[in-house]
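These notes concern the structure reproduced below.
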Amino acid sequence: MQDLELLGVPGSPYTRKMLALLRYRRIPHRMIWGSHFEPLANYPAPKVKLLPTFYFPTANGKEAVVDSTPIIQRLEREHDDRKVVPDDPLLRFLTNLIEDFADEWVTKAMFHYRWHFSEDAANAGPLLAFWQNLHLEEEPARASSQAFASRQISRLYVVGSSHQTARIIESSFERLVGIMDRIIERQGFVLGTRPSAGDFAIYGQLTQLVWVDPTPARFVAKHSPRLRAWIDRTDDLSGLQGDQWLPRSELRIHLGELIQEIGRVYVPFLIANAKAIQEGREEFETLIDGQAWAQPVFPYQAKCLEHLRREAISLPADVHHELRSLFNGTGCEKLLP
Ligand SMILES: N[C@@H](CCC(=O)N[C@@H](CS)C(=O)NCC(=O)O)C(=O)O
């Protein structure tokens, strides 16, 4: 079989998520560092130019595919060993929810910390330039760094990061560090002694927050060296032996706090965003964690809510019952029919 190729940059949390997942799954691959600014000769362009872009071999060439979540599902179908989505429908729903929370909510912390504080923005600008091209000379590097920084800073509002929402995003990140610290101490991963898609999604966002951006990196260094060590190791789990998913009886004790966090911030966000889209609005305001939140609508995230709800509807009655009892009082029960 041909190696699976992917294009991405080290500063892309979704690229790191997928590279670590390929390593854990021992799927032969080739990482192509780069971006769509300098298109690869003889490679097709994806419909939406996102990173990572995967190039799946086809009968007569290659197919360019983006969006890590459906790519993970495709890899689950195409490769048998070391799967990251459990068969148990209850655990499967939870891993999908956690993956989504990381991809769509924790990424707000990633983007916020990268560009909100001037120390972090000054650190990230040149990295963005050199991650794409190591050979830039001084002047073009400075120009490129400034162009990236001003483009990204001007887009902070798109994910809802502003002076008004800063503490909501930062407190959620700070709580997540404590929650992950305790999860890792108990089992190693969110759903047991083996990593799930949810772990790789959290890991992807945290690579940036812990390895790259000074403000959140200082927080993690002070409050959870264990989490830092977990990220360093999750980067390459090709030799990991752990193979146990959590028994259902341990879900509440192990995942209760994480579910609580998802219900506290992400579910209200998803619901307010979807409602605004349904009403044909371009922006919305809501309360998250009891504080005012405002941002433009995000159609992709309305799809995320739809997928989770569709999956919830299709669950067998006993699973539905267990989920409801696990979610009761956390805010996550609003995802269930
Ligand atoms: N939902 C996508 C998100 C991928 C994504 O947003 N990638 C970012 C880089 S981390 C990107 O390519 N953004 C386009 C841009 O910045 O122009 C996934 O899971 O792969």
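Between the CZ atom of Phe101 and the CG atom of Leu270 there is a distance of 11.0 Å, given to the nearest 0.5 Å. Put simply, NZ on Lys49 and OG1 on Thr53 are 9.5 Å apart, with the number rounded to the nearest 0.5 Å. How far CZ of Arg281 is from CG of Asn273: 10.5 Å, rounded to the nearest 0.5 Å. With rounding to the nearest 0.5 angstrom, the OG atom of Ser249 is 7.5 Å from the CG atom of Leu251. Separation of atoms CZ (Phe117) and CG (Asn123) is listed at 14.0 Å; rounding is to 0.5 Å. Taken to the nearest 0.5 Å, the CG atom of Leu227 stands 11.5 Å off from the CZ atom of Arg182.
Between the side chains of Gln291 and Arg167, not a single donor N or O lies within less than 3.5 Å of an accepting N or O. A donor atom on one side chain and an acceptor atom on the other are not found under 3.5 Å apart for Tyr24 and Asp199. When only modelled atom types and interatomic distance are considered, Trp211 and Asp232 share a side-chain donor-acceptor pair under 3.5 Å. Residues Glu311 and Asn96 bring a donor and an acceptor atom of their side chains to less than 3.5 Å of each other. A side-chain donor from one of His112 and Glu170 sits under 3.5 Å from a side-chain acceptor of the other. Remark: the Trp293 side chain and the Gln295 side chain contain an N/O donor-acceptor pair separated by less than 3.5 Å. Side-chain contact check for Gln205 and Thr107: at least one donor-acceptor pair (N or O, by modelled atom type) lies under 3.5 Å.
For the residue pair Pro44 and Ala64, the shortest heavy atom distance occurs at O-CB, 3.6 Å. Counting all heavy atoms, side chain and backbone alike, Thr95 lies closest to Ala197 at OG1-N, 3.6 Å. The two atoms that bring Gly263 and Val267 nearest to each other are CA-CG2, 4.1 Å, heavy atoms only. The heavy-atom pair separating Val9 from Trp33 by the smallest distance is C-CZ3, 3.6 Å. Listed here is the closest heavy atom pair of Leu6 and Met18: CD1-CB, 4.5 Å. In this structure, Gly160 and Ile169 approach most closely via the heavy-atom pair O-CD1, 4.3 Å.
Within 6.0 Å of the CZ atom in Arg233, the count of heavy atoms belonging to other residues, nucleotides or ligands does not exceed 12. Residue-environment remark: CG (Asn42) stays at or below the threshold of 12 foreign heavy atoms within 6.0 Å. Within a 6.0 Å radius of NZ in Lys83, more than 12 heavy atoms belonging to other residues, nucleotides or ligands are found. A 6.0 Å sphere centred on CD of Glu279 holds more than 12 heavy atoms belonging to other residues, nucleotides or ligands. Atom CZ of Arg26 has more than 12 heavy atoms from other residues, nucleotides or ligands within 6.0 Å. Other residues, nucleotides and ligands contribute more than 12 heavy atoms inside 6.0 Å of the CD atom of Glu119. For Ile313, the CD1 atom counts as densely surrounded, since its 6.0 Å shell holds more than 12 non-hydrogen atoms of other residues, nucleotides or ligands. For His321, the NE2 atom counts as loosely surrounded, since its 6.0 Å shell holds 12 or fewer non-hydrogen atoms of other residues, nucleotides or ligands.
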message: Walk me through whether Asp181 and Arg186 qualify under salt bridge (Lys or Arg N to Asp or Glu O under 4.0 Å).
response: CA-CA 9 Å; Asp181 187 284; Arg186 276 190 300 268; over 6 Å; no

- request: Test Glu185 against Arg226 for salt bridge (Lys or Arg N to Asp or Glu O under 4.0 Å), laying out the working first.
  value: CA-CA 8 Å; Glu185 182 181 4; Arg226 188 199 315 275; 3.5 Å; yes

task: Determine, stepwise, if the pair Glu63 / Arg74 fulfils salt bridge (Lys or Arg N to Asp or Glu O under 4.0 Å).
output: CA-CA 13 Å; Glu63 175 196 13; Arg74 176 168 176 174; 3.4 Å; yes

- prompt: Going through the checks in order, is the side chain to side chain donor-acceptor pair (under 3.5 Å) test met by Arg264 and Ser172?
  reply: CA-CA 9 Å; Arg264 180 172 180 167; Ser172 179; over 6 Å; no

message: Please determine whether side chain to side chain donor-acceptor pair (under 3.5 Å) holds for the pair Tyr300 and Asp103, giving the CA-CA distance in whole Å, both sets of side-chain angles, and the decisive distance to 0.1 Å.
response: CA-CA 11 Å; Tyr300 182 90; Asp103 284 355; over 6 Å; no

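Judged purely by atom type and a 3.5 angstrom limit, Ser224 has no side-chain atom pairing as donor or acceptor with the backbone of Val220. The backbone N or O of Thr215 sits nowhere less than 3.5 Å from a side-chain atom of Asp213 that would complete a donor-acceptor pair. Looking only at distances, no side-chain donor or acceptor of Asp289 sits under 3.5 Å from a matching main-chain atom of Val265. One N or O on the side chain of Arg25 and one on the backbone of Leu75 form a donor-acceptor pair closer than 3.5 Å. At distances below 3.5 Å, not a single donor-acceptor pair connects side-chain atoms of Arg77 with backbone N or O atoms of Ile72. Remark: the backbone N or O of Phe327 is paired with a side-chain donor or acceptor of Thr330 at under 3.5 angstrom. In this structure a side-chain-to-backbone donor-acceptor pair under 3.5 Å is present from Glu76 to Val85. At least one donor-acceptor pair closer than 3.5 Å links the side chain of Thr193 to the backbone N or O of Gln244. When atom types are taken as modelled, the side chain of Thr58 and the backbone of Gly61 share a donor-acceptor pair closer than 3.5 angstrom. Under the 3.5 Å distance criterion, the side-chain polar atoms of His29 are matched with a main-chain donor or acceptor of Ile27.
With Tyr43 as the aromatic partner, Lys62 meets the cation-pi criteria of under 6.0 angstrom to the ring centre and within 45 degrees of the ring axis. Cation-pi geometry between Lys108 and Tyr266 is not met: the NZ or CZ atom fails to fall both under 6.0 Å from the ring centre and inside 45° of the normal. A cation-pi contact, defined as under 6.0 Å to the ring centre and within 45° of the axis, is absent between Arg16 and Tyr203.
In this structure, Pro46 and His36 have side chains that are in contact, with non-hydrogen atoms separated by less than 4.5 Å. Two residues are said to be in side-chain contact when any heavy atoms from C-beta on lie closer than 4.5 Å; His320 and Pro337 meet this criterion.
Linking ILVMFWY residues whenever their side-chain heavy atoms come closer than 4.5 Å, directly or via other members, places Met180 and Phe173 in the same cluster. Each of Phe130 and Leu7 belongs to its own hydrophobic cluster when Ile, Leu, Val, Met, Phe, Trp and Tyr are linked at side-chain heavy-atom distances under 4.5 angstrom. When hydrophobic clusters are built by joining Ile, Leu, Val, Met, Phe, Trp and Tyr residues whose side-chain heavy atoms come closer than 4.5 Å, directly or via intermediates, Leu40 is grouped together with Trp131.
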